[in-house]
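Scroll down for the structure; my scribbles are underneath it.
Residue numbers start from 1 in every chain, and the chains themselves are labelled A, B, ... in the order their sequence lines are given, proteins ahead of strands. Here the structure is a predicted model, which means the values were calculated and not measured.
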There are 2 protein chains.
Amino acid sequence: MGEDLSVLLKNLNLKVTPKRLAILDILDAEMRYLGPDEVWQRMKARFKSIGLPTVYRNLEELANGGVLIKIIHPDRKLYYYLCRNTDHHHHFICISCKKVEDLFFCGASEIEREVKNNLKGHVISHLMQVYGLCEDCAATKTIST
Amino acid sequence: MGEDLSVLLKNLNLKVTPKRLAILDILDAEMRYLGPDEVWQRMKARFKSIGLPTVYRNLEELANGGVLIKIIHPDRKLYYYLCRNTDHHHHFICISCKKVEDLFFCGASEIEREVKNNLKGHVISHLMQVYGLCEDCAATKTIST
DNA sequence: AAGATAAATAGAAACTATTTCTTTTTATAT
DNA sequence: ATATAAAAAGAAATAGTTTCTATTTATCTT
């Protein structure tokens, strides 16, 4: 694990650089989503010189390539990133520990029907995010900041 | 129309000021969602002195009170606002003209079941937004900027 | 109707997140 | 080993949003 990460980059026609691999490795090791600043903190522990623009650029490129997923958090309007599984799914986000788990229910067909029949419009994409407490946090009932 | 707007403010225990009424009136007149800057532009046409912080503050207060709805757009990480109908619904957002229409399909119960059964977690809230082309824009096939 | 008071606003300034720019470095193809 | 095009550093600019203080204003009380 950690070695086939370079394949992901090659598939996207991106050069395999130590920093790109490190970003993927950092996100691969987390079950939580991370903000650009958090990724940067972890990068600074690994590289003596690492610029925040480099982090932003790579997160954006990797998200565009589909290797990372951009998550929009409703409180703060910043976006955070995460990597996982490739087929269509949505996310359950624990508001306490920030863990992200995949959800496979999707109402896309019903939505498309409603849009087509009632609004006479045409669906291009949709976004669904579910917020709550994961098993562990629900058990401890502690909301961590 | 435009006169019962003050009732909305009183219900929230907010003072009825000309600027608050104007913000509500501006948003009431639009079918599109507006960003703080767009609201500010329209406010400047009505008031000789109007500060951007006033716009932000009021949009946030009104959104907290439920009179406005905060919409998160995936491209730019800014939030935009809009007022409408009170029962649970989601939004169809035209990516061309930015018009917002209400959607009543909601998979909340299926999602809750999935989260409970598979993740052993607990849903607190959810966000769903659907992007596409409205009837008019689908007809003209023109994507306006 | 007039005064008291707490909320709302202006305007300036601070802050934060993100992006842009130019130069230097580096991965990869030849 | 070299060429070249992409990636990165570091500084600086930009844009969106928030904070702060003094002033104004809506509403409550009498």
Side-chain angles (χ1 to χ4, degrees), chain A residues 3 5-26 33-65 67-68 70-81, chain B residues 3 5-26 33-65 67-68 70-81:
Chain A
E3 272 326 295
L5 292 177
S6 57
V7 177
L8 297 175
L9 297 177
K10 285 174 185 155
N11 287 344
L12 298 177
N13 287 317
L14 295 175
K15 287 187 177 177
V16 179
T17 69
K19 296 190 175 163
R20 277 197 179 124
L21 287 172
I23 287 176
L24 289 178
D25 187 57
I26 284 166
Y33 59 88
L34 297 178
D37 52 329
E38 291 175 298
V39 174
W40 192 38
Q41 295 308 327
R42 288 163 173 74
M43 289 293 279
K44 284 195 284 194
R46 300 192 187 197
F47 299 93
K48 56 258 151 259
S49 90
I50 169 68
L52 189 48
T54 297
V55 173
Y56 273 97
R57 188 176 349 96
N58 282 309
L59 289 173
E60 188 61 21
E61 282 167 347
L62 294 168
N64 285 341
V67 170
L68 298 184
K70 210 189 263 192
I71 290 185
I72 301 176
H73 206 278
D75 306 355
R76 302 303 282 115
K77 45 278 147 200
L78 320 176
Y79 32 50
Y80 302 86
Y81 302 75
Chain B
E3 273 326 297
L5 293 177
S6 57
V7 176
L8 297 174
L9 298 177
K10 284 174 185 155
N11 288 342
L12 298 177
N13 286 317
L14 296 175
K15 287 187 179 178
V16 179
T17 69
K19 297 189 175 162
R20 279 198 178 122
L21 287 172
I23 287 176
L24 289 178
D25 187 56
I26 285 166
Y33 61 87
L34 298 178
D37 52 328
E38 292 175 298
V39 173
W40 191 39
Q41 295 308 326
R42 288 163 173 74
M43 289 293 279
K44 284 195 282 194
R46 301 193 185 194
F47 299 92
K48 57 255 150 262
S49 90
I50 168 70
L52 189 48
T54 297
V55 172
Y56 273 97
R57 189 177 347 97
N58 281 309
L59 289 173
E60 189 60 22
E61 282 167 345
L62 295 168
N64 286 341
V67 170
L68 299 184
K70 210 189 263 192
I71 290 186
I72 300 176
H73 207 278
D75 307 353
R76 301 303 283 114
K77 47 277 148 201
L78 320 175
Y79 33 49
Y80 303 86
Y81 302 76

*asked:* If the condition is side-chain hydrogen bond (donor to acceptor under 3.5 Å, both in side chains), which residues does B/Glu61 pass it with, not counting sequence neighbours?
replied: B/Arg20
*In whole Å, what is the span from the CG atom of B/Leu21 to the C1' atom of C/dA7?*
15 Å
*asked:* Tell me the interatomic distance from B/Gln41, atom CD, to D/dA15, atom C1', rounded to whole angstroms.
replied: 14 Å
*B/Leu9 has an atom CG; how far is it from atom C1' of D/dT25, in whole Å?*
15 Å
*salt bridge (charged side-chain N to carboxylate O under 4.0 Å, His left out): which pairs involve residues 45-54 of chain A, sequence neighbours left out?*
A/Asp25-A/Arg46
*Quick one: side-chain contact (heavy atoms from CB on, under 4.5 Å) partners of B/Ile50, sequence neighbours excluded?*
B/Lys19, B/Trp40, B/Met43, B/Lys44, B/Phe47, B/Thr54, B/Val55
*For the atom pair CG (B/Asn58) and CG (B/Leu21), what is the distance rounded to the nearest 0.5 Å?*
10.0 Å
*Starting at OH of A/Tyr56 and ending at C1' of C/dC21, how long is that distance when rounded to a whole Å?*
17 Å
*Flag the pair B/Leu9 / B/Leu24 as yes when at least one side-chain heavy-atom distance between them is below 4.5 Å, and no otherwise.*
yes
*Take atom CH2 of B/Trp40 and atom C1' of D/dA15, then tell me their distance rounded to the nearest Å.*
12 Å
*Shortest side-chain distance from B/Val16, nucleotide among C/dG11, D/dT27, C/dA27*: D/dT27
_Applying a 4.0 Å non-hydrogen cut-off, can you work out what B/Leu14 is touching in the nucleic acid: base, sugar-phosphate, or nothing?_
sugar-phosphate
*May I ask you to test the A/Leu62-A/Leu12 pair for a side-chain heavy-atom distance under 4.5 Å?*
yes
*Quickly work out the A/Lys19 NZ to C/dT26 C1' distance and round it to whole Å.*
10 Å
*Between atom CG in A/Asn58 and atom P in C/dT18, what is the gap in whole Å?*
15 Å
Taking N or O atoms only and anything under 3.5 Å, show me the protein contacts with nucleotides 1-5 of chain C, one pair per line.
none

*Would you mind classifying the nucleic acid contact of B/Arg20 as base, sugar-phosphate or nothing, using non-hydrogen atoms under 4.0 angstrom?*
sugar-phosphate
*Rounded distance [0.5 Å steps], CG in A/Leu8 versus CG in A/Leu68*: 9.5 Å
*Which value, rounded to the nearest 0.5 Å, describes the distance between B/Asp37 atom CG and B/Leu52 atom CG?*
8.0 Å
*Check whether any side-chain nitrogen or oxygen of A/Arg57 sits under 4.0 Å from OP1 or OP2 of D/dA8, and answer yes or no.*
yes
*Candidates C/dA27, C/dT20, C/dT9 - which lies nearest the side chain of A/Thr17*: C/dA27
*Give me the residues of residues 43-50 of chain B where at least one heavy atom lies under 4.0 Å from an atom of DNA chain D, by number, or none.*
none
_Set of residues satisfying salt bridge (Lys or Arg N to Asp or Glu O under 4.0 Å) with respect to A/Arg57, sequence neighbours excluded_ = none
*Measure from CG on B/Leu52 to C1' on D/dT19 and round the result to the nearest Å.*
13 Å
